[in-house]
Amino acid sequence: MSSLVAIVLVVLAAVLIGAFGVRVSRTTSDFYVASRTVTPLWNASAIGGEYLSAASFLGIAGLILTYGADMLWLPVGWTGGYLVLLVLVSAPLRRSGAYTLPDFAEARLESMAVRRVSSVLVVLIGWLYLMPQFQSAGMVFRAITGAPAWAGGLLVAGVVAVNVLSGGMKSITFVQAFQYWLKLTALAVPLVFMLLAWRADGAPGLQPGDPWALPLHGREHPVYATYSLILATFLGTMGLPHVLVRFYTNPDGRAARRTTLVVLSLLGAFYLLPSIYGYLGRVYSLSLDGPDSVVLALPGHLVPGVAGELLTALVTGGAFAAFLSTSSGLAVSVAGVLGQDILRFTDGVRSFRVATVIGVAVPFGLAVVARALPVADVVGLAFAVAASSFCPLLVLGIWWRRLTTSGAIAGLLAGGGLAAVAGLVTVVGGPHGGWAGALLAQPAAWTVPISFSVMVVVSLLTPGRTPPNVARTMVRLHTPETLDVDRGDWRPRSS
C-alpha cells in the first residue's frame, strides 16, 4: 500500500510542477526550447532527470546481478559519452541556433532530403527508447498492485502526455530537474540502511567460486559484446535526440559547455548506486521476478518490517520518476520533429500538441504487444542506432567541411538503417544465438564504422554536392561567443 501511495505522490508532483510550467509557456519557442533561457544547473539537473531512465534505475543493477562486473561498462559508457559530447559537439551545436536534430541537419547540409532522413531516425530512436520505459512501468505497477502490465505503461503515458501537451519544454524542464534529485534520493537513502543491515549481518561476500567477479562470463562472444557496448554508449549519447535538444535551451555555447560539466558530476554520483544494488543482490541470491526487479526487492529483504516497506515505497517512487522523466524528454523530442516535419500545421503549438499524442501512443502500443526484453538491452539498441547515425553526422558536419549531401544521406541510411534493422530483429524475434545473435544484439561495433566510412567515401566521390554556404555555416558553428555574431534562432525553410 505504501508503494502505491508513493506512485500517486510522484505522479501528482509531476502534474503539479508541470502545471506551473503552463503559466510560463506561451510561445512556440517556449514549447520547443524553453526560449533558450535555462541555466546550466537547471539544465544539467533536467538532463540527469531524463537521461537516467528505467535502464539506469533498474536495468544496470539487474545486468550487474546477472552478468557481473563486466556490466560496469554500462554506467561508465553512459557517463563518458558526455565527455565526448563536451569536447566535440555541445558548444557548436548550441551556436547552430537550431531547434531539433533535423533542423541542424538541414542548416548544415542545406538539404530537405537530409532533414527527412534525420526526422525518421529521430522518431525511430525515440520510440525504441520509449517502449522499454512503458514496459518497465507496467512491470513495477503489476508487482505493486497486481494490475495488468499495460496499466502502468498507460499511467506513465497519460501523465507524460498531459505535461508535454500543457507546457512543452519549459514545463518539462521543471519536472525533470525535480525528478533527478528524487531519483538520487530514492536510491541513496535506502542504500544507507541496506549497507548498515549488511554490516550488521557480518558483511557477507560472494559465494566461493561465484564467477561474478571474473571477466567475460555469462554471454556468448563476450569480448565482441563488451567492446561493441563501449562503442555504443560512448558515441550514442551525442546522437540521442532527447539529450541534444536540451542543449538548444542554453543561452549560449559557454552555458552548454558548463551544463555538460555539471551533468558529468551528477551522473557520476548517481551511477555509483545501482552498481552496489546489483552486487548486494548477487550476495544475497534473491529470488526475483526478472533481474530488473532487484532494486525493488532489496530494501524489503535487508530491512524488515515497516522500515523496509517505507524504503521499498521510496525506491518505487524513484522508479516511476525515472519512467516519467525519460519518457517526457523523449516525447518532447519526438513531438518536436513530428510537429515540424510531418504534420506542419500553421499553428506551431497545435502541431506540437497533436504530435505529442502520436509520439506517445505509438510506443505505448508497441510496449503492449512486443515481447519484454531486459530494459538495459533495449535501451542499448537505441544507443547503437544513435551512435551509427547522428554521431557521424554531427562529428563530420561540425568538423569536416567536405561532407556532402549525398555522403550524409548515404551514411545515415547505411549505419542508422542497419543498426535499426538489427535492433528490430532482436526486439521482435530475439534473442538469437551464436555470432548472428551477438552481431544483432550489439551492432555498434560494425554499424558505426560503416556509417563513418560511407559518409567520408561518398562525400569524396561527390564534391559537387557540397553545400554552397558551408563556409558561412562553419563560421557560425565555431566563432566564440565573445565575438558579436548574430545567434538568432535558425528556422527551417519548410516551416
Side-chain angles (χ1 to χ4, degrees), residues 1-15 53-63 65-66 130-162 179 182-183 186-187 189-190 193-194 274 277-278 280-281 284-328 360-361 363-379 427:
M1 184 64 181
S2 56
S3 295
L4 183 59
V5 172
I7 292 175
V8 172
L9 290 176
V10 168
V11 170
L12 285 176
V15 172
S53 65
S56 297
F57 199 92
L58 302 177
I60 287 177
L63 288 180
L65 166 71
T66 305
L130 272 168
M131 186 182 72
Q133 311 305 317
F134 296 149
Q135 288 180 327
S136 297
M139 181 268 292
V140 173
F141 200 66
R142 181 181 59 191
I144 298 302
T145 66
W150 57 264
L154 181 62
L155 175 63
V156 170
V159 174
V160 167
V162 168
Q179 287 170 337
L182 174 61
K183 285 184 280 189
L187 283 186
V189 171
F193 287 92
M194 289 192 298
Y277 275 79
L280 290 176
Y284 285 94
S285 302
L286 298 183
S287 178
L288 302 169
D289 182 18
D292 289 338
S293 63
V294 62
V295 172
L296 304 175
L298 265 174
H301 181 83
L302 289 177
V303 183
V306 176
E309 292 181 7
L310 293 176
L311 293 176
T312 300
L314 181 58
V315 173
T316 303
F320 255 76
F323 308 145
L324 290 171
S325 57
T326 299
S327 300
S328 298
V360 172
F364 171 70
L366 293 174
V368 172
V369 301
R371 184 175 53 86
L373 294 172
V375 59
D377 286 348
V378 181
V379 170
V427 169

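Quick note: numbers below take in every heavy atom, side chains included, and nothing from hydrogens, waters or symmetry partners.
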Handout entry: Student check: side-chain heavy atoms of V427 and L366 closer than 4.5 Å
Key = no
Completion exercise
On a heavy-atom basis, the closest approach of D292 and L58 is O-CB, 3.5 Å
Practice task
Determine, step by step, whether V315 and Y277 satisfy the side-chain contact (heavy atoms from CB on, under 4.5 Å) criterion, reporting the C-alpha distance in whole Å, the side-chain angles of both residues, the deciding distance to 0.1 Å, and the verdict.
Solution key: CA-CA 12 Å; V315 173; Y277 275 79; 4.1 Å; yes
Completion exercise
Nearest heavy-atom approach of A313 to A6 is O-CB, 3.1 Å
Fill in the blank from the handout: By ring pair (Phe, Tyr, Trp, His ring centres under 6.0 Å), F134 pairs with (sequence neighbours left out) none
Practice task
Using distance alone, with no hydrogens and no angle criterion, decide if S325 and K183 have a side-chain donor and acceptor under 3.5 Å apart.
Solution key: yes
N/O donor to acceptor pairs below 3.5 angstrom from side-chain atoms of residues 296-306, sequence neighbours left out:
none

Problem - Side chain to side chain, V295 and P274, heavy atoms closer than 4.5 Å - result: no
Handout entry: Where V294 and A61 come nearest, the two heavy atoms and their spacing
Key = CG1-CB, 3.7 Å
Exercise for the section: Mind running side-chain contact (heavy atoms from CB on, under 4.5 Å) on L130 and V360 for me, showing each step along the way? Expected result: CA-CA 8 Å; L130 272 168; V360 172; 5.5 Å; no
Handout entry: Trace of the side-chain contact (heavy atoms from CB on, under 4.5 Å) decision for F57 with F323
Key = CA-CA 9 Å; F57 199 92; F323 308 145; over 6 Å; no
Practice task
List the atom of S53, the atom of T326, and the distance in Å for their closest heavy-atom pair.
Solution key: CA-OG1, 3.0 Å
Problem - Beyond-backbone contact of Q133 with V156, side-chain heavy atoms, under 4.5 angstrom - result: no
